[in-house]
Amino acid sequence: MKKLVLISCCGLLIFTGSGCVFERVKPWEREVLAREDMQLEASSLDELSNEKIFFSKEASKGGQSLGGGGCGCN
Amino acid sequence: MQLKAQTSMRHRLSVATACLLSMDGSLALAESLADWQFEASYMRYAEANRITVNESIIAAKRELDNESIRGTIIYDSMSGASPNGAVPPSDSTQTYTSPSGSIFQVAPDELPADEFKDRRTAFSLAWSVPVMRTVQASLSGLYSTETDYLSYGSEASLAWDINTRLTTLVTALSANWDTSKPIGGIPTGFTPGSNTDRYREDNKFIMDWMVGVKQVINRRSYLQLNYGFGKASGYLSDPYKVISFVSGATGEPIGARGYYFEKRPDSRTQQNLYLRLVSHINDTTYQLAYRYYEDDWGVRSHTFHGKFIISLTPKHVLEPALRHYRQQAANFYHYALYDGPGEGVLMKDVVNASRGLSHASADYRLGELTTHTIGVKYLYRYKQGHIGLRINYLRQQDQRSLFTTVQAWISQVIFKLRF
C-alpha cells in the first residue's frame, strides 16, 4: 500500500509541475476542449448505473469518482 | 438572441469561442443559455436465469451564475435468484434456510440460489458554488432505503483551477453510515446452517477520500490522474451468503445442512489509482482509462476501459465501449471448507475460530474472476439536449471455473433536456 501512495504522489507532482512539458493552450484555442463529449461525465445517468453494476458484481470500487456505496448490493 | 450575462460566465466564454469557430456552434450556444437541466433514464439489467434489476432515475439541475443545485431520485426493483455461495451437491438434496426465514431445497447438480425480491429508493441533493474565483466547492447528501438496508451519505469536494485553467486540482471526501437489517435477522458468522439464532441489525461506516489532477496536454487532449483511499468498518459480511462444509474425500456437503454462515473481517482499507486520457481526433473523442485497486483483504484488480464517441453528424453520435476487468481473490475466499486433507481448508479451524481460520467467504464476487463488458450507445442530439439508447453485454468468469459464468444484458434509455 505504501508503494501505491508513493507512486500516486510522484504522479501528481509530475502532473502539476510539468507546465513546460504540456502545451500552453491559449483561452481562445480551447474550443475542442469545451466540447460536450470532452467533459468528465461522472454524474451522467448511464455512468451512475454502470458504477453501481460494477460495484455490485466486483470487489473493487473508485476511480473516476469516489463511487460505490449507498446500497446493500456488495 | 440575448445572452443572459449572469449565468456560468466561464462556461459561456468557452462556448462563445465554440460558436465562432466550430460547426457545433448552435448546439453549444443552446447549452450556454440553459438554466434548468432535466435528465431521466430507465435501465434494465438481466442475468441469464438469475437476477433482474429495473432502475429508473430522474435528475433535475438548476444553475444560477456559477452556482447549481441538482436533485436525483433513483428507484430500483430487483428480483431473481442469487447464488448463496454453497456448492452444488451431486448426490443428495440439500436444505437451506435464508436469513429471511424461508426454507428451500436444492436438488443434485442444481446451483444453490436464494430467491428474492426487493425495492430500493434513493434521494440525493448536490450543491455546487464558487468559493473563490478559481475554486469550486460541492456538497451533497444521499439517503437510500431498501427492505433490508438503509444508508445515509454525504460528500464534499473542491476543484481548484490553476495555470490559466490548464490544470485542475480536485479533492473529495465522503462518509456513509449504513445499516443492514435482513428480514429474519443476521446470523452469527461461522455458525452452522442449523443455527436459528439471529440478531436484528448491524451497522457499517465507510469513509472515502480522493485527490486528483486534470491536465490539458494540447488543444485536443487532457489527462486525468486520481488517487483514492477508503476505509470501511463494522458489519461487512453478507448475511445471505454461506460456505459449504464438504467431505475432503467426495466433495459432497456433510449432512442435510452442510454449510456455515460466512464471516468477513470487520474492517477494510482500500486504495486505487486511476489514469484517463481523453483526446479528440477528427470527429471522434477517445477515452482510455486504467484503474489499479488493492485492499487489505488481499483483493487486487486491474481495469481497462475504452470509449469512443463518434460524431457521425452533429446530431447523430455513436459510442462503442469495452471494458476488461481482472481480479485476484480475497485471502479469505474459499470455494468450500473441507473436513480433511485435500484442496481447501481444514474444517476444524472453523469450529474454533481462535485456533486458526478467522474468516471465510464463498461469495464468488470475492474470488479470482474476469469481467468483460462490450456495448454501444446511440445518441440523437437536438438543440436542447439528447435522447439515446445503450446496450451492453457483460460476461463474468471464475478463473478457476468453479462457479458458473455470469452473463448479463444491460439496456438503458437516457434523456436530457435543457431549458
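Remember, it's a predicted structure, so these values are computed and weren't measured experimentally.
Counting heavy-atom pairs closer than 4.5 Å to chain A, the top residue among B/Asp148, B/Ile57, B/Val299, B/Leu166 is B/Leu166. The most heavy-atom pairs under 4.5 Å with chain A, out of B/Arg390, B/Glu55, B/Met43, come from B/Arg390. Per-residue counts of heavy-atom pairs under 4.5 Å with chain A were compared for B/Met210, B/Met78, B/Arg300, B/Glu319; the largest is that of B/Met210. Of the listed residues (B/Asp118, B/Ile217, B/Asn392), the greatest number of heavy-atom pairs within a distance under 4.5 Å of chain A belongs to B/Ile217. Interface remark: of the candidates B/Gln396, B/Glu146, B/Lys377, B/Gln412, B/Gln412 forms the most heavy-atom pairs closer than 4.5 Å to chain A. Put simply, of B/Tyr45, B/Tyr143, B/Tyr222, the one with the most heavy-atom pairs under 4.5 Å next to chain A is B/Tyr222.
Looking at heavy atoms from C-beta onward, B/Trp297 lies in side-chain contact with B/Leu236 at the 4.5 angstrom threshold. Side-chain contact between B/Arg220 and A/Val25 is absent, with no heavy-atom pair separated by less than 4.5 Å. With contacts defined as side-chain heavy-atom distances shorter than 4.5 Å, the pair B/Tyr325/B/Ser301 qualifies. Put simply, the side chain of B/Asn176 does not reach to within 4.5 Å of the side chain of B/Asp208, judged on heavy atoms. Counting only heavy atoms from C-beta outward, the side chains of A/Trp28 and A/Arg30 never approach each other to under 4.5 Å. For the pair B/Val53 and B/Arg44, the minimum side-chain heavy-atom distance is 4.5 Å or more.
B/Thr373 and B/Arg323 form no side-chain donor-acceptor contact under 3.5 Å, judged by distance and modelled atom types alone.
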Does the pair B/Lys307 and A/Asp37 meet the rule for a salt bridge (charged side-chain N to carboxylate O under 4.0 Å, His left out), with working shown? CA-CA 11 Å; B/Lys307 189 194 291 189; A/Asp37 56 13; over 6 Å; no
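Neither the backbone nor the side chain of B/Leu150 has a heavy atom closer than 4.5 Å to any heavy atom of chain A. Contact annotation for B/Ser41: both backbone and side-chain heavy atoms come within less than 4.5 Å of a heavy atom of chain A. Contacts between B/Ala40 and chain A at a heavy-atom distance below 4.5 Å involve the backbone alone (N, CA, C, O). For B/Leu379, no part sits under 4.5 Å from any heavy atom of chain A, backbone or side chain. Contacts of B/Ala122 with chain A are absent, with no heavy-atom separation under 4.5 Å from either backbone or side chain. Proximity to chain A is limited to the side chain of B/Tyr364, based on heavy atoms less than 4.5 angstrom apart. Neither the backbone nor the side chain of B/His302 comes within less than 4.5 Å of any heavy atom of chain A.
Checked for salt-bridge contact, A/Lys57 and B/Glu47 meet the test: a charged N lies under 4.0 Å from a carboxylate O.
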